[in-house]
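Worksheet: the structure to be examined is printed underneath.
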Amino acid sequence: MSEEIVGLLSHIGRKTKRNLLISGLILGLSIIPSIILSQQSKEDIKFSESTGKISPQAASYSITQAINPAQYRFYHKGKHFMSLIYEGGIYDFRPHPSVDEPDAWGSSWYFQPFLPGAVLKDTTVSNVNADSSGINVTASGKVSSSANPSGYGNWNSIISFSFSPSEQKISGAGSFTISLVGLLAGKGDLNLFKIASNRLENVPLLGDGYGNTGDMKRVDIIYKDKRYVVWDPLQTPGFFPSETTDSLSIDVVGEFNHVDLKRMGYSFGINPIQKPSLKVIISSNNPGVPMIFGGFFDTTKKQDFTADNVGVTPLILQSSQSKHYSFNITFESTPKEKTTAAIFSILYLLLAP
């Protein structure tokens, strides 16, 4: 942007700036694709974030390790597109498809089964490697259970991830098996995995006013028979529909996070940023398995921007008569609605007082 335009903006009043911001959101859609493309064309490879060493792997994909917390970091041509946190036996994938945006981290996927009230633990990541097509992860562990410290069974998973810079999309596919030591009756429903995120209600927003924001806005649910359901955590904090299925698509849709932390009393703030969506499709290889969707919003933390106050999980009902389960897994993460978010971010930085 030219110095003349910047100088002009510096003399515009706050109300006019706000009107310009709104106009930009409506009329400025055409300016963003070229900006995004110019960012994607950069091949500036930096590994300074990581404390680990780059292993000799395929040219496009590489892996480093870091600590605090213990993690693997996944790269495509030097761009950090995902982390796998394994500190304390958790198995937590954190996607970062907007690789040029350091603040564009959002929802987490804990890819491990557990029973109600359990602390997630006891995962062993046995292999992480890169090849020309992506990054491959093999892991196993115990089914976390508060009543059974040694676990209520075992699980195994294999999954591979790839990254498309032009689409800013992470894709994954793999398999997942669980063998319980007994039936679920009396133990509770089996949580197959958990997606953790943040939703904020009636908080101060950058650019004035109050509203809802956070790392996610809703969950789009698709059943095997193509039924489509939307869960809004603000409308229904606890959502456990009774319909069963043996295939479930769960899409935690990313939000444009523009909470004004300074107006909430913090000494620091955040830049407005589009958070990524995180979608997992889980399909059972055992027809007729009683699987349902579950979602919970902790309303006591609805204004805590640090909290994982939203939990999303597919569950196997405790009425199941099986001890052994096998699933196919598909994963996807991309910054949906990124164009409008990019416009707001640019205009906010230019027009903020």
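Since the model is a prediction, treat every value here as computed from it, not as a measurement.
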Verdict with supporting geometry, Phe305 and Val203, side chain to side chain contact (heavy atoms under 4.5 Å, CB included): CA-CA 10 Å; Phe305 84 101; Val203 293; over 6 Å; no
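- Contact of the Gln318 side chain with the Lys187 side chain is not registered, since no non-hydrogen atoms from C-beta on lie closer than 4.5 Å.
- No hydrogens or angles considered: a donor-acceptor pair under 3.5 Å links the side chains of Asn285 and Asn328.
- At a threshold of 4.5 Å between non-hydrogen side-chain atoms, the residues Ser277 and Asp251 count as touching.
- The nearest pair of heavy atoms linking Ile170 to Phe81 is CD1-O, 3.0 Å.
- Checked against Phe114 for a side chain to side chain contact (heavy atoms under 4.5 Å, CB included), the options Val119, Asp122, Leu190, Leu120 give a single hit: Leu120.
- Taken together through direct or relayed side-chain contacts under 4.5 Å among Ile, Leu, Val, Met, Phe, Trp and Tyr, Phe331 and Leu84 form part of one hydrophobic cluster.
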Stepwise side chain to side chain contact (heavy atoms under 4.5 Å, CB included) test for Phe161 and Tyr61: CA-CA 10 Å; Phe161 296 98; Tyr61 291 98; over 6 Å; no
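- For the atom pair CE of Met82 and CD1 of Ile135, the computed distance is 9.0 Å after rounding to the nearest 0.5 Å.
- Looking only at atom types and distance, the side chain of Thr300 has a donor-acceptor partner in the side chain of Asp298 under 3.5 Å away.
- Taking each heavy atom of Ser197 and Met216 in turn, the nearest pair found is OG-CG, 3.2 Å.
- Closest heavy-atom contact between Asn286 and Ser326: OD1-N, 3.1 Å.
- Leu115 and Asn191 get closest at one heavy-atom pair: C-ND2, 4.2 Å.
- Remark: the Asn309 side chain and the Asp304 side chain contain no N/O donor-acceptor pair separated by less than 3.5 Å.
- Rounding to the nearest 0.5 angstrom, the gap separating the CD1 atom in Ile250 from the CD1 atom in Ile221 is 7.0 Å.
- A salt bridge is defined here as a Lys NZ or Arg NE, NH1 or NH2 lying under 4.0 Å from an Asp or Glu carboxylate O, and Lys301 with Asp308 fails to meet this definition.
- Salt bridge annotation for Asp220-Arg218: present, with a cationic side-chain nitrogen under 4.0 angstrom from a carboxylate oxygen.
- Going from atom CG of Asp131 over to atom CG of Asn136 covers 4.5 Å, rounded to the nearest 0.5 Å.
- In terms of heavy-atom proximity, Trp105 sits nearest to Pro276 at C-CD, 4.2 Å.
- We find the CD-CG distance between Gln274 and Asp215 to be 10.0 Å, quoted to the nearest 0.5 Å.
- Looking at heavy atoms from C-beta onward, Glu167 lies out of side-chain contact with Thr334 at the 4.5 angstrom threshold.
- Aromatic pair Tyr75/His80: ring centres closer than 6.0 Å.
- For Phe193 and Phe176, the ring centers sit 6.0 Å or farther from each other.
- In the model, Ser179 has a side-chain atom that pairs as donor or acceptor with a side-chain atom of His324 under 3.5 Å.
- Note: Tyr91 and Phe93 have perpendicular aromatic rings, judged against thresholds of 30 and 60 degrees for the angle between ring planes.
- Looking at every heavy atom in both residues, Arg263 comes nearest to Tyr210 through NH2-CE1, 3.4 Å.
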